[in-house]
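Structure, as structure tokens:
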Amino acid sequence: MTAKAEIQKILHQRFPQIAEKALQEEIAQVGKIMEFKAGEIIMDYGSYVRMVPLIIEGSIKVTREDEEVGKELLLYFLNAGDTCSMSFTCCMMDKKSAIRTVAMDDTKLIGIPVKQVDNWMGKYQSWKNFVMMSYDNKMLELVKVIDKIAFHGLDKRMEEYLKALTQSTGSTTITATHQTIADDLNVSREAVSRLLKKLENIGTVKLGRNEITLLT
DNA sequence: ACATTAAGTGATT
DNA sequence: AATCACTTAATGT
């Protein structure tokens, strides 16, 4: 199968919102399939964004860092069928990335050069809709993250976090240390350990070294 | 066997 | 809920 045909097939499967034939053609024309291994940094703070990614498979963790080193806040995960909303603004305004994106699994995506991203906004309605929709989605998600932090306790946040992670990886077993989770949620490791222990006791979760399995 | 890293616990603020 | 000061358990060399 040619690369072009493959992209078109993938578009059809993963991005049904992108309906216009001509647009599909163009994406196949200029899009590049890129692959990242688990743990690889796809984009880092300060780097210029020159591609907008359409994620085909795998999952990506999006974080934001504060001035003081070491403090990282998890914003959200990206999965197959998603795109990075941040990259739109970043690349259209020619700004440096304010976020870091790391592949959590082996991840495959279609990279679209900045130039066309801009052009297509006016040219294709379904592209514009796609961009707007993903904006809207992520915005809502971010708002949710914010009020979780502001108004709800750690237990609710944990719940969401675990859910998002399992959804992201498609497995009910999560491989991560308590410390990693603590960093993602910006809480102490002990708090994570204690909460997970509680969840294990009420039977919603099973713990192992470097491993958490959701039972419900 | 020994060192290292992850996880559990209690006390203190 | 954070931090500290351990202890215990699992793993790597």
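Every chain is numbered from 1, with letters handed out A, B, ... down the list of sequences. All of these numbers come straight from a predicted model, not from anything done at the bench. When reading the values below, keep in mind they use all heavy atoms of this one structure, side chains included, and skip hydrogens, waters and symmetry mates.
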Starting from [atom2] on [N], measure out to [atom1] on [X] and report it in whole angstrom.
{"X": "A:Leu185", "N": "C:dA1", "atom1": "CG", "atom2": "C1'", "result": "13 Å"}
{"X": "A:Asp183", "N": "B:dT5", "atom1": "CG", "atom2": "P", "result": "16 Å"}
{"X": "A:Leu195", "N": "C:dA1", "atom1": "CG", "atom2": "C1'", "result": "12 Å"}
{"X": "A:Leu199", "N": "B:dA7", "atom1": "CG", "atom2": "C1'", "result": "15 Å"}

Can you list the residues that meet the salt bridge (charged side-chain N to carboxylate O under 4.0 Å, His left out) rule with A:Glu20, with sequence neighbours excluded?
-> none
Here the pair of heavy atoms bringing A:Ser126 nearest to A:Gln17 is CB-O, 3.6 Å
Looking at A:Tyr76, is A:Lys138 sitting on its ring face, NZ or CZ under 6.0 Å from the six-membered ring centre and within 45 degrees of the normal?
-> yes
May I ask you to say whether [X] pairs ionically with [Y], meaning some side-chain N is under 4.0 Å from a carboxylate O?
{"X": "A:Glu26", "Y": "A:Lys123", "answer": "yes"}
{"X": "A:Asp155", "Y": "A:Lys198", "answer": "no"}
{"X": "A:Lys197", "Y": "A:Glu200", "answer": "yes"}
{"X": "A:Arg100", "Y": "A:Asp44", "answer": "yes"}

Could you run through nucleotides 8-13 of chain B and give me one letter per nucleotide, 5' to 3': B if any protein heavy atom sits under 4.0 Å from the base, S if only the sugar-phosphate is that close, - if neither?
-> BBB---
Are the side chain of A:Gln24 and the backbone N or O of A:Ile18 linked by a donor-acceptor pair below 3.5 Å?
-> yes
Sugar-phosphate, base or nothing in reach of A:Thr177, heavy atoms under 4.0 Å = sugar-phosphate
Check nucleotides 9-13 of chain C against the protein and report each pair of N or O atoms closer than 3.5 Å, with its distance, or say if there are none.
none

